[in-house]
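The structure appears right after this line, and notes come after that.
No hydrogens, no waters, no symmetry mates; every other heavy atom, side chains included, goes into these values. This structure is a prediction, so every number in the text was calculated from the model and none was measured.
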Amino acid sequence: MRLSINIDHVATLRNARGEEEPDPLTAARVVERAGADGIVCHLREDRRHIRDRDVELLCKSITTKLDLEMAATQEIVDIALRLKPDLVTLVPERRRELTTEGGLDVVRLRRSLAGTIKRFHTKGIPVSLFVDPRREQIEASREIDSDMIELHTGEYAIARTGRTKQQHLRSIRAMAAFGTSIGLGVNAGHGLDYTNVPAIAAINDIAEISIGHAIIARALFVGLENAVREMARLVKTR
Ligand code: PXP
């Protein structure tokens, strides 16, 4: 299983002082050196953390791959088409949310998403759609020619009882198998941490997971390189 690391929070900290440090580009280099398979960042409409220049520099200098998370708005789509990351992951975005809340409603948005996917494909950029582990959303993703899906693991991560956690885990497992069976690449992410990740890492149909908050938070205490290595040990069990 591959591990991609979201470095948005490094930019959040930098922006808090309006200075240059900590630099997301340096963080990306450290993360790669520690064994991550890819870098993820989210260029939000309000630029609360990652900025256009960060994406530009990351695209030019990272040695693994850059997955650009983004809302499918005209402005951000145009930027992504110009900068050509290795992958774009389309997510829903609300201005006042603290982090992405839930998957895209691909069923409802299928027409506009299909147009956006086509634009990326004409530039040779593969597209992943961030979706809840629900069959109809995954089918719709396939129908509009998405290359991949990223299954939203947030509900699993915040489930309070063992029983609901197991229910969410079962749906993630079943929907990962379903996605693979209809020809989609399947990734997963959101809310994963050092304790809840092993059960997700054990799902064979998931090719890659994307983690941000838990690793950057752990990095404050053990350093970024160690935080990545610890997570990589849990994730790369197969
Ligand atoms: N995947 C997607 C689509 C996300 O929006 C985020 C949050 O930016 C993540 C994964 C990573 O979530 P977390 O920071 O909770 O690990």
Side-chain angles (χ1 to χ4, degrees), residues 2-101 125 128 130 150 154 157 187 189-194 197 208-232 235:
R2 294 192 302 273
L3 170 65
S4 275
I5 297 184
N6 181 313
I7 56 166
D8 292 347
H9 284 347
V10 177
T12 304
L13 193 55
R14 173 197 60 192
N15 298 354
R17 281 302 277 262
E19 309 271 349
E20 302 299 316
E21 297 291 334
D23 175 21
L25 201 62
T26 309
R29 289 202 188 104
V30 172
V31 161
E32 288 184 322
R33 196 168 62 223
D37 302 293
I39 304 295
V40 187
C41 68
H42 184 169
L43 185 65
R44 280 185 168 266
E45 205 185 354
D46 63 8
R47 310 299 199 274
R48 68 172 72 156
H49 36 57
I50 291 290
R51 297 174 179 152
D52 305 43
R53 178 92 181 123
D54 297 321
V55 183
E56 205 172 317
L57 294 174
L58 287 166
C59 277
K60 279 192 191 137
S61 65
I62 65 170
T63 56
T64 53
K65 65 181 178 65
L66 184 71
D67 172 3
L68 180 62
E69 270 182 30
M70 50 179 279
T73 60
Q74 175 104 31
E75 184 211 4
I76 307 287
V77 169
D78 287 345
I79 292 170
L81 287 166
R82 182 168 56 80
L83 297 179
K84 296 208 190 86
D86 300 289
L87 173 70
V88 296
T89 297
L90 301 179
V91 301
E93 192 176 300
R94 285 182 217 107
R95 278 212 165 222
R96 286 213 294 275
E97 68 190 357
L98 292 177
T99 180
T100 314
E101 294 167 351
I125 303 169
S128 177
F130 183 57
E150 179 179 329
N187 300 335
H190 210 281
L192 297 177
D193 61 26
Y194 294 85
V197 82
E208 180 168 317
I209 57 176
S210 163
I211 307 182
H213 185 86
I215 293 174
I216 304 301
R218 177 98 180 122
L220 284 177
F221 303 106
V222 301
L224 185 53
E225 204 159 333
N226 287 328
V228 173
R229 287 192 202 286
E230 286 176 13
M231 186 59 84
V235 168

* Asked: Can you tell if the side chain of Arg29 reaches within under 4.5 Å of the side chain of Ser61, non-hydrogen atoms only?
  -> yes
* Closest approach of Ile76 and Ala71, non-hydrogen atoms and distance? -> CB-O, 3.9 Å
* Asked: Taking side chain as C-beta onward, heavy atoms only, is Ser128 less than 4.5 Å from Leu87?
  -> yes
* Interatomic spacing from CD in Glu56 to CG in Leu25 - rounded to 0.5 Å -> 11.5 Å
* **Chi angles and distances behind the side chain to side chain contact (heavy atoms under 4.5 Å, CB included) call for Ile209, Val197** => CA-CA 9 Å; Ile209 57 176; Val197 82; 3.4 Å; yes
* Asked: What's the spacing between Leu68 CG and Ile79 CD1 if we round to 0.5 Å?
  -> 9.0 Å
* Does a side-chain heavy-atom distance below 4.5 Å link Leu224 with Ile216? -> yes
* Straight-line distance of Arg48 CZ to Asp8 CG, nearest 0.5 Å -> 9.5 Å
* To do: Answer yes if the side chains of Glu150 and His190 hold a donor-acceptor pair under 3.5 Å, and no otherwise.
  => no
* Asked: Where do Pro24 and Ala11 come nearest, in terms of heavy atoms and distance?
  -> CG-CB, 4.0 Å
* Asked: Would you call Asp23 and Val10 a side-chain contact if the rule is heavy atoms closer than 4.5 Å?
  -> no
* Which heavy-atom pair separates Ile39 from Glu32 by the least distance, and what is that distance? -> CD1-CG, 4.1 Å
* To do: Give, for atom CD1 of Ile211 and atom OG of Ser4, the distance between the pair rounded to the nearest 0.5 Å.
  => 9.5 Å
* Asked: Do Glu69 and Val88 touch side chain to side chain, with heavy atoms closer than 4.5 Å?
  -> no
* Asked: Under 3.5 Å, is there a donor-acceptor pair linking the side chains of Thr89 and Asp67?
  -> yes
* Centroid-to-centroid, His49 to His9, below 6.0 Å? -> no
* Check whether any side-chain heavy atom of Arg51 sits under 4.5 Å from a side-chain heavy atom of Arg14, and report yes or no. => yes
* Got Leu66 and Val40 here, is their nearest side-chain heavy-atom distance under 4.5 Å? -> no
* Spacing of CZ belonging to Arg33 relative to CD belonging to Glu225, to within rounding of 0.5 Å -> 4.5 Å
* Asked: Judged by modelled atom types alone, do Asn187 and Arg2 share a side-chain donor-acceptor pair under 3.5 Å?
  -> no
* Val77 versus Met70: any side-chain heavy-atom pair under 4.5 Å? -> yes
